[in-house]
There are 2 protein chains.
Amino acid sequence: MEIQLHIKMNEKLFLRNPEQSELGRKIIFHSIQLIHKNGFEDFTFKKLAKEMGSTEAGIYRYFENKHKLLIYLTAWYWSWLEYQLNFHTHNIDDPTVKLKRVIKLLASTVEDDVRTDHIDENTLHQVIITEGSKTYLTRNVSEDNKDQLFKPYKDLCAIIGNMIVECNPNYKYPKSLASTIIEMAHFQNFFMHNLPSLTDFGVHKDELEIISFLEDLVFSVLIKA
Amino acid sequence: MEIQLHIKMNEKLFLRNPEQSELGRKIIFHSIQLIHKNGFEDFTFKKLAKEMGSTEAGIYRYFENKHKLLIYLTAWYWSWLEYQLNFHTHNIDDPTVKLKRVIKLLASTVEDDVRTDHIDENTLHQVIITEGSKTYLTRNVSEDNKDQLFKPYKDLCAIIGNMIVECNPNYKYPKSLASTIIEMAHFQNFFMHNLPSLTDFGVHKDELEIISFLEDLVFSVLIKA
DNA sequence: CTAAAATGATAGTATTACTATCTTCTGTGA
DNA sequence: TCACAGAAGATAGTAATACTATCATTTTAG
């Protein structure tokens, strides 16, 4: 039995749907690899075309520009993560346990999802850690936000916020705590590997320590409130 | 009595010291304004030169490229903030009070420091909120880090980390908590203004609420530990 | 089998990110 | 006071980036 996982993406993210053609799927696959290899600043559609054995113009038929492509990848990632989250917290009633699963999911190395053959989730995860916040730290946030481009991120944040409320209805900042968990799961990972003195994880470089840090943070606040 | 404040910057940040000439100081002043106005992605040395009534080549004599200039501005900002922090926590013994001052300093709108006439600290603060993390979220982090370009940021983080240890020597993650406070003071501000559903501050858009959120977070963790 | 759609190949433009060179200005110290 | 060094201005040039346009060829869907 072969199961394919398909995530429906906001149409404003692309000019032509990359999931629906071989070329489109190659764009997704190779862009993840190239951005991971050389960083988003160095990444161009010309280099991507060369890597893929295709042409620059061909890529422009799918994506308006590289920033939209990055938002696409990020949106896909958060949607996929929401799916994973639903799966892993399914049938769990205790909100504390659910929240622990979420933290683990956010802060752990991802394993490749075999149901998506044009996306290497592990590499994508690493790309999102380094490049994810560049999607919204721009002059166009508001416009892009109006086009709902950040919906998957906001949805995930809302879900986590709701779990926090379930854990403790008296806590006053569930949404901010949720966005803090998400961002810090990534930033502490980036710091651990690249600027270790900004963390307490420089010695072992172990993701489990990030999970412990976040769990301690979240549950201290929620128990106290 | 006129007092000037001067911050000695790492020499690897520039080719010619911008603080030591009128042109250099104009570069600093106008780059802050331009980056604030149109964002770092849209910012070029050509546009900056036009804005200043100078030439592109002239700016290249001071800074290798716009990324180095951004790191310069960011490093200056963190150095200045460390100075402010020392000033505001001077003669205070209670580490809890000190930590509260730090949080307030990080999360509040800055007022212009009249002792630095070529830098508008309030605008610079807003620039750092949006563009600050782009200094290190690149392929060159490690190299730039070796050149000590992030020293002011790391120093500030270490100081805050030490205050955390003073508050509670048993807490296991002082450095990560410090970097979390710093980053979240900025991110929650950015979210509040641009993606308010990621925060609990969308209604009043009031920095005081961010301060309350961070204080609650920090002291819950530290009391419990 | 045919028409439409997708892709490939190629070319072209404005802007970006620089480097180089030559001239002019400006301040200092002999 | 003059000369000379260093800073700044003016101008030009190059390779790469970020696109757009056009036309031929291949694929595919009815």
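First the proteins, then the strands, lettered A, B, ... as listed; each starts at 1. What you are looking at is a predicted structure, and each value in this text was computed from that prediction instead of being measured.
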Exercise. Base, sugar-phosphate alone, or nothing: which one does A/Glu41 contact when heavy atoms must sit under 4.0 Å apart?
Worked result: nothing
Problem set entry | Centroid separation A/His36 to A/His125 less than 6.0 Å | no
Exercise. Does the side chain of A/Thr44 get closer than 4.0 angstrom to OP1 or OP2 of D/dA18 through an N or O atom?
Worked result: no
Exercise. Do any side-chain nitrogens or oxygens of A/Arg16 fall under 4.0 Å of OP1 or OP2 in C/dA6?
Worked result: yes
Exercise. To the nearest Å, how far apart are A/Phe43 CZ and D/dC19 P?
Worked result: 12 Å
For this session: Would you tell me if any nitrogen or oxygen in the side chain of B/Ser21 comes within less than 4.0 Å of OP1 or OP2 on D/dA8?
Result: yes
Problem set entry | 5'-most by nearest nucleotide on DNA chain D - A/Lys47 or B/Glu56 | B/Glu56
Exercise. Atom NZ of A/Lys66 to atom C1' of D/dT17: distance rounded to whole Å?
Worked result: 9 Å
For this session: Answer yes or no: is there a side-chain heavy-atom contact under 4.5 Å between A/Leu137 and B/Lys134?
Result: yes
For this session: Could you tell me whether B/Lys26 contacts a base, only the sugar-phosphate backbone, or nothing, with contacts defined as non-hydrogen atoms closer than 4.0 Å?
Result: nothing
Problem set entry | Minimum heavy-atom distance B/Thr199-A/Ser176, with the two atoms named | CA-OG, 3.3 Å
Exercise. Considering only side-chain heavy atoms of A/Tyr60, which listed nucleotide, C/dA20, D/dT17, D/dA18, is closest?
Worked result: D/dA18
Exercise. OP1, OP2 of D/dG9 versus side-chain N and O of B/Ser54: anything below 4.0 Å?
Worked result: yes
Exercise. How about A/Lys104: does its NZ atom have over 12 heavy atoms from other parts shown lying under 6.0 Å from it?
Worked result: no
Problem set entry | Between D/dT26 (C1') and A/Leu23 (CG): distance, integer Å | 13 Å
For this session: On the 0 to 90° scale, with breaks at 30° and 60°, tag the B/Phe201-A/Tyr173 ring pair as parallel, tilted or perpendicular.
Result: tilted
Exercise. Tell me: CZ of B/Arg61 to C1' of C/dC18, nearest whole Å?
Worked result: 13 Å
Exercise. Given atom NZ of B/Lys46 and atom P of D/dA10, what is their separation to the nearest angstrom?
Worked result: 14 Å
For this session: Rounded to the nearest angstrom, tell me the gap between atom CG in B/Leu15 and atom C1' in D/dG6.
Result: 16 Å
For this session: Figure out the CG/P separation between B/Asn65 and D/dA16, and round it to whole Å.
Result: 17 Å
Exercise. Under 4.0 angstrom, heavy atoms only, what part of the nucleic acid is A/Gln20 near: base, sugar-phosphate, or nothing?
Worked result: nothing
Exercise. How many Å lie between CG on A/Asn17 and C1' on C/dA5, as a whole number?
Worked result: 15 Å
Exercise. OP1, OP2 of C/dT7 versus side-chain N and O of A/Tyr62: anything below 4.0 Å?
Worked result: yes
